[in-house]
Amino acid sequence: MEHLTVDVAIIGGGTAACAAAVALREAGLTVALLEKRLCGAGASGVNFGGVRQQGRDLAELPLSRRARLLWDGLSAKLAEDVGFEATGHIKLARSDADMALLEAYARDAAGHGLDLQLMGPNALRAEMPWLGPAVVGASLSPTDGQANPRVVGPAFARLARRLGAEIREHAPVRHAAHDGTGFAVEAEGVSVRSRTLVNAAGAYGGAVAGWFGEAAPVAPLAPNMVVTEPLPHLVTRSIGVVGGDVYVRQTRRGNVVLGGGRGTADSVDGLARPVTATSLGAGARTLALIPDLAHAHVIRSWSGLDGEMPDHIPVIGPSATTPGLVHAFGFSGHGFQLGPVVGEILAELVTQGRSASPLHPFRIERFAEWRGPYRSDGEIEH
Amino acid sequence: MAEPVVAIVGGGPAGLRAAQVLAEAGLRPLLLDEGHRAGGQIYRRPPAGAERPATELYGFEAGRARALHDLADALAPRIDHRPGTMVWGIAPREPVGFDLDCLGPAGHGRIPVDRLILATGAMDRTLPFPGWTLPGVFTLGAAQIALKAQGMAIGRRVALVGAGPLLPLVAHQYAKAGATIVAVLDVTPLGAKVAAAPRLAAMPATLAKGVWYTLRGALRGVPVRAGVRAVAVEGDRQVEALAWEDSRGRRHRVPCDAVGASFGLRSEAQAADLAGCRFVFDPLTRQWQPERSAEGRSSHAHVYLAGDGSGIGGADVAELQGARTALALLADLGRPRDAAREARLDRRLDRQAGFRAALEAAYPYPHHLVEGIADDEIVCRCEGITAGAIRRTATERDAREMNRLKALTRTGMGRCQGRVCGHAAAEILALTLTVPVEAVGRLRGQAPIKPIPLREPA
């Protein structure tokens, strides 16, 4: 059994956790990060790969705006090509009611400095003549884009390690507690003592919060993904729809990735699996948007385990029960773009006790008396 | 109570014998097979109307091939045979059983079943060597399929390279069919074959398959060599010649227009993976396979395994296992047992196990070739990933496991989903990390098992 004593222990090895390890090392603190499998192999690594501000809950927009600034320089910072391309994100309307929603959102987003361009049918077809007749209009966010989720988390983990963070993979955490002088974290093969503790445990974030007497109703979420063989370049932008039942992008390699709907999540063994009916449904909806993909072949489907909050925005902020404990989990299927900035925010919370970004909507206390419903049948987005 | 629905995936020797036993017991099993006619790979049948004499197609396997084809015909009215049907997804059903996602002549379909017999067979193992991606290079299995299904050879002047009993078998079949063979090169040492010969001789029925020397008489004047090294296909845009180094270090070169090359067999085990079966590493053949009991039970209470899909044993073993696992399934259903028949099959399987070990000793997996794979050689041909990229990713980007290697490099992320490159990539990764090959794990199976159209076929 290994024993480590550090300033900060981090539970979880997703992008936000690894980015926090980097930021904390840059601030001069000692860090131990405990990941149950491999860093970046969970929701961070198996998501759609959308780098999107458009369509987010307005409460998330300040964080998402700040995150977007980091993406341009991410490959340089990580010394690794993360595949980020600002292809724009276009959200399609399939009815007049959809279009009205896009118009309303564009007005609200403008208040946060996010410039969205509304497009009618003619402008849309002029730019993307391959869109099917089901589409009647769209809202374009030119600064959004896409990246390769498989490489971002692992690259942050390697940078953290180069900076001196102790990263322990295949080290699931059994328990954590505060003994009056500091935190004691017991994991497989290693125990850690620390002054502060970061809970970035994704789908298991609620369980960790529970050890400290805090309620956070996290449900497992398994977004369903499908990918085609590499195809000639056609889909120029990352595509979403009002309602969120399908989203599509084409990678640099030419594969078309399509998501939409849910797979099955098994939080006991920590694995999520795609569901074939969901995959076929996403395929049919994609063909309604992009009929030219009719001859494409699907080569793989997959899913991954994320944590979903009842109100579909994450928990980010200090514990309400335990000084020195900081939470960031429950990204509800759309944490990929936020990961790098959440790392910075976590480091701010640890080193300064507060963040430059407005975190009030994400406080864990909002669930102390939570009686509301889950929106679990609603939009996942990406 | 309604009869349970039993589906057999794969219509080769194992699947057909399983279907026979179930049909004899009064069940009407589903037989789902990618082939258009039952028979599997080793006894693959030509399309209807294009038949040729069995002795020409199957050589000394002709009698067994005929028997199995006759069985398929006799079973037709007693089973629900779905030819041309690919099972591409398997999902658990509540409370028990599975939904099988299939693509067949009528399009996509979902079939609920109570129990599964997986007899999914094997495919060639490949290893990269210079020129292996040139047009004109085929696997030995593909060379065989060309002969049996289409009645044609892979070229006019054919060189055959490999490690495994398929090599002399294909050489015999090609010679019998009148093809011009210019070289037969085994990359494993002759010594291993000689050492294994006494054990091989204990099985006279299959002796001819495994023994190397018989080839020499059949192919007079053609180089038939064991212990060959440094095999390289030469050619500009297609195969023009095969070069090699013999066991004494002398260089040779023979002009040819096609090369058949593979290095043993790998189990096609994706269906077992999707069904939730536990896998174990087989050190003899250096591959992960679904765990199978002597009676053919998997780790999953409702999944049964038979044939090369769960352990390479060859066609004779597959037939015995198919029958044996079907008996185990019937026993699990509470049907009356035929203890004498079970014991007979167990004894024959036991004898075959010794033969199989001898065969594997005679044709060891040539992992020593992995060291010689140059950095610029393509390993994953779907995605164009080189051996050097795999080695660099292992050392510079902490890829210590196959799924991480896939995520970081795209190895195994293309059309074949690692079916072709997975083993070679694992060997390269393990060698780079200086760990045993089992330590780097295996690529997780994901639906679809093979590519399916995004749009449902009309």
Side-chain angles (χ1 to χ4, degrees), chain A residues 37-41 45-46 79-80 148-155 157-158 161-162 167 169-170 225-231 251-256 258 263-264 266 269 271 273-280 282-284 286-288 290-291 293-303, chain B residues 87-92 94 98-103 107-111 270 273-276 382-385 393 395-419 441 443-458:
Chain A
R37 291 190 296 148
L38 290 174
C39 288
V46 294
E80 175 156 334
N148 182 353
R150 289 179 181 79
V151 302
V152 178
R158 278 195 302 285
R161 196 170 264 153
R162 287 199 296 277
I167 309 254
E169 296 178 313
H170 300 295
M225 301 288 158
V226 172
V227 67
T228 72
E229 63 201 320
L231 301 166
T251 66
R252 206 186 270 170
R253 166 83 175 109
N255 308 77
V256 175
L258 41 129
T264 57
D266 187 336
D269 68 8
L271 295 177
R273 300 183 91 182
V275 168
T276 54
T278 309
S279 299
L280 293 173
T286 299
L287 290 179
I290 314 172
L293 294 177
H295 300 290
H297 277 80
V298 168
I299 60 172
R300 184 174 67 256
S301 61
W302 74 92
S303 187
Chain B
V87 176
W88 59 263
I90 300 176
E94 295 297 332
F98 300 93
D99 282 319
L100 305 184
D101 289 297
C102 301
L103 181 63
H108 285 299
R110 173 162 263 221
I111 304 175
Q270 301 94 316
D273 204 354
L274 294 185
C382 295
E383 295 294 316
I385 311 301
T393 304
T395 52
E396 294 167 17
R397 297 170 74 193
D398 291 343
R400 305 191 64 81
E401 182 268 338
M402 280 301 288
N403 294 287
R404 179 47 56 102
L405 179 76
K406 173 181 168 183
L408 295 182
T409 60
R410 305 188 65 80
T411 301
M413 213 181 249
R415 278 189 67 94
C416 90
Q417 289 293 295
R419 293 165 66 234
L443 292 171
R444 275 188 293 275
Q446 282 157 322
I449 290 173
K450 292 176 184 172
I452 56 167
L454 186 61
R455 183 177 64 178
E456 190 162 340

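In what follows, chains are A, B, ... by sequence order, proteins preceding strands, each numbered from 1.
The most heavy-atom pairs under 4.5 Å with chain B, out of Gly283(A), Pro149(A), Ser301(A), come from Ser301(A). Per-residue counts of heavy-atom pairs under 4.5 Å with chain A were compared for Cys416(B), Gly89(B), Ala399(B), Ala447(B); the largest is that of Ala447(B). For the options Thr286(A), Val46(A), Thr276(A), Val151(A), heavy-atom pairs under 4.5 Å to chain B are most numerous at Thr276(A). Your options are Arg158(A), Arg150(A), Glu229(A), and the one with the most heavy-atom pairs under 4.5 Å with chain B is Arg158(A).
In this structure, Arg444(B) places its CZ atom where only 12 or fewer heavy-atom neighbours from other residues, nucleotides or ligands lie under 6.0 Å away.
Contacts of Arg400(B) with chain A are absent, with no heavy-atom separation under 4.5 Å from either backbone or side chain. Contact of Leu274(B) with chain A is made through backbone and side chain together, with heavy-atom distances under 4.5 Å. For a residue to count as touching a neighbouring chain, one of its non-hydrogen atoms must lie under 4.5 Å from one of that chain's; by this rule Leu287(A) touches chain B with the side chain only. For Ala284(A), no part lies near chain B; criterion is any non-hydrogen pair under 4.5 Å. Proximity to chain A involves both the backbone and the side chain of Glu383(B), based on heavy atoms less than 4.5 angstrom apart.
Side-chain N/O atoms of Asn255(A) and Arg410(B) include a donor and acceptor closer than 3.5 Å.
Minimum heavy-atom separation, Pro92(B) to Arg273(A): CD-NH1, 4.0 Å.
If you take CD on Glu396(B) and CD on Glu80(A), they are separated by 10.0 Å, rounding to the nearest 0.5 Å. To the nearest 0.5 Å, the span separating CD1 on Ile452(B) from OG on Ser279(A) amounts to 8.0 Å. With rounding to the nearest 0.5 angstrom, the CZ atom of Arg404(B) is 7.5 Å from the SG atom of Cys39(A). How far CZ of Arg455(B) is from CG of Leu280(A): 14.0 Å, rounded to the nearest 0.5 Å.
Between the Arg300(A) side chain and the Met413(B) main chain, a donor and an acceptor come within less than 3.5 Å of each other.
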